[in-house]
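What you are looking at is a predicted structure, and each value in this text was computed from that prediction instead of being measured. Lettering of chains follows the sequences in order, A, B, ..., and the numbering in each one begins at 1.
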There are 2 protein chains.
Amino acid sequence: MQSRSTSQNGQGERPLRADAQRNYDLLVAAADAGFTEHGAEASLEDIARRAGVGIGTLYRHFPTREALLAKVLDDSIAAMVARATELESVTPASAALTTWLESMIGHATTYSGLSKALAAALAGTCTELGNSCQAMTTAGARLLARAQAAGELRDDADIKDLLMAVQAAAWASEQLADPDAAQRMLTMVLDGLRVDAAPRRAPARRRIR
Amino acid sequence: MQSRSTSQNGQGERPLRADAQRNYDLLVAAADAGFTEHGAEASLEDIARRAGVGIGTLYRHFPTREALLAKVLDDSIAAMVARATELESVTPASAALTTWLESMIGHATTYSGLSKALAAALAGTCTELGNSCQAMTTAGARLLARAQAAGELRDDADIKDLLMAVQAAAWASEQLADPDAAQRMLTMVLDGLRVDAAPRRAPARRRIR
DNA sequence: ACCTGAACACCGTTCAAGT
DNA sequence: ACCTGAACACCGTTCAAGT
C-alpha cells in the first residue's frame, strides 16, 4: 500500500535534494514492507537495510519510529477520515457509526502492534501520528453526534472511549489470534450504548459491595 | 506482595537443595520487585542482578519469562479464584459477576504489561500461566452461568470473551494512563450483555452495506 | 546438582568523519 | 546538505567451565 500521491515528503515542507528525496521514499516503502512483515516493532536497522540506506539516514528523516509510522499510515488514515465524511449521509446514523468503527478495526489490524501505536497516539500525544488521530477523532465525533441527536445512542457515549475500545478490540483480537474477536467485542460495546439500553444501571434488587 | 506460603518451589515438586531453594526464593522476590517497578517486560538480567544471582541461575529455575511471571502471580491468581467462589452466594448474580470482573481489572493492572501476558495466557497457551488462567476461567464461568440462569445476562455471553474484554480494558487504561478508563470500558461491555438489551440488533430501519 | 559469567547475536541511538 | 557506519549501551539466551 505505497500509493503515495507520487513521492513527496509531507505536503508542505521545503523540497529535499534529489538524492535525499529518493532515500526518503525508499525508507517509507521499506518501512511499509517491514511493518507488514514484522509488525510495528520491526527492527529499524532492518528497515534501513531494506532501503539500502545507512541507519543514520533513517534517523535523519524520521527521528522517531512513530514519525516513520505516521508517514506510512498517512494515506490510510486520510482514507478513514474520508470514509467518515461519506457515511454522514447514511441512515440510520448509528448504523453509519457502526460501519465506520468496523472499518477502523480493519485499519487497526493492518499490521500487528499497530493498535498499540494508535492507542498511544489517541491518548493525545503531540506527534505526527497524534495529529492524524486527532483528525480521525473529529471525524468520528460527527458520526457519533448524529447518532446521539437521532436519539439512537446514549448521550454519555464518548468518541475517545469508543475509539480506544476499537483499539482494545483490535489488540485483543491480535492476542487471541482470532480475527473475529474484535468484531464481537465491538458489538458488545455498541450494544451497551444504545439508548433503549440506557436507564437500567443494573437489575438493582440489592446493592453489593 | 511476596507472602508465598513460606517459600517452596511449586507445591508438589521434588525438594531443592538448600542453596538452590534460597536462590529460587530470591529470584521470585526480585522478579516481583522488578515487575512492579518496570513492568512485565522488566529486564531479566536486572532481576538476576537484584537477586544477587547469575543470569544462568535465573534461566535454570525459570526457563521462560512467563514461568517466572506465573510463579510471581501464583498467590494473587489463587486469590481471584477464591473470590469468585465467595461471590457465588451473592445476589443478584449479575452483580456478583460485575464485582468479580472489576477486581479482575485491579489484578490485571497490578503492573504494566501484565494484561498482555494474561491475554496471551487466556488465549490458551499450555504454560504455567495458562493453567492458572484456566482456573480463573472456570471460576468465572460459574459466575456467568449463574447470571444467565437467573435470566439477567444474555445466553450468548461468553466467559472467554468477557475475560479478554477485561484484559483489553486494562490494556486501554494503561495506554491512556487513565485508571478510570478500564472501568468505563467494562461497564459498556456489561451494559451490552444484559438480557433486556438482547433482542434489538440495531434500530433496523434500513440496511447499509 | 547447581552456579557462574563469558560469548553470541541481536537491538536502538548518537555522532564524528566523510562527500 | 546529506550520508555513512563505527561506537556505545543495552537486551535475551546458551553453554563450557567450575564447585
A:S43 side-chain N/O to C:dG12 phosphate OP1/OP2 under 4.0 Å: yes

Whole-Å gap separating P (C:dG12) and NE2 (A:H38): 12 Å

B:R17 CZ - C:dC2 C1' separation (whole Å): 5 Å

Nearest-angstrom distance from the residue atom CD1 of A:I47 to P of C:dC10: 17 Å

Side-chain N or O of B:N23 closer than 4.0 Å to phosphate OP1/OP2 of C:dC3: yes

Nucleotide nearest B:R60 (side chain, heavy atoms from C-beta), chosen from D:dC2, C:dC2, D:dG12: C:dC2

Gap between atoms CZ and C1', on A:F62 and C:dG12 respectively (whole Å): 17 Å

B:S43 versus B:H38, side-chain donor and acceptor atoms under 3.5 Å: no

Polar contact flag, side-chain donor to acceptor under 3.5 angstrom, A:T187-A:Q183: yes

Interatomic distance, A:Y24 OH vs D:dC2 C1' [rounded to whole Å]: 15 Å

Selection from D:dC3, C:dC3, C:dA6 that lies nearest to any side-chain heavy atom of B:I55: C:dA6

Position toward the 5' end of DNA chain C (nearest nucleotide), A:D46 or A:G56: A:D46

Which nucleotide in D:dC11, D:dT14, C:dC11 has an atom nearest any side-chain atom of A:R49: C:dC11

Parallel, tilted or perpendicular: ring planes of A:H61 versus A:Y24, cut at 30 and 60 degrees: perpendicular

Selected nucleotide, minimal atom distance to A:Y59 side chain, candidates D:dC2, C:dG12, D:dG12: C:dG12

Whether B:W171 and A:W171 hold their rings parallel, tilted or perpendicular, with breakpoints at 30° and 60°: parallel

Position toward the 5' end of DNA chain D (nearest nucleotide), A:G54 or A:E45: A:G54

Euclidean distance, atom CZ of residue B:R22 to atom C1' of C:dA1 [Å, nearest integer]: 18 Å

A:H61 vs D:dC3: side-chain N/O to OP1/OP2 distance below 4.0 Å: yes

Value in whole Å for how far the C1' atom of D:dC3 lies from CG of A:D25: 16 Å

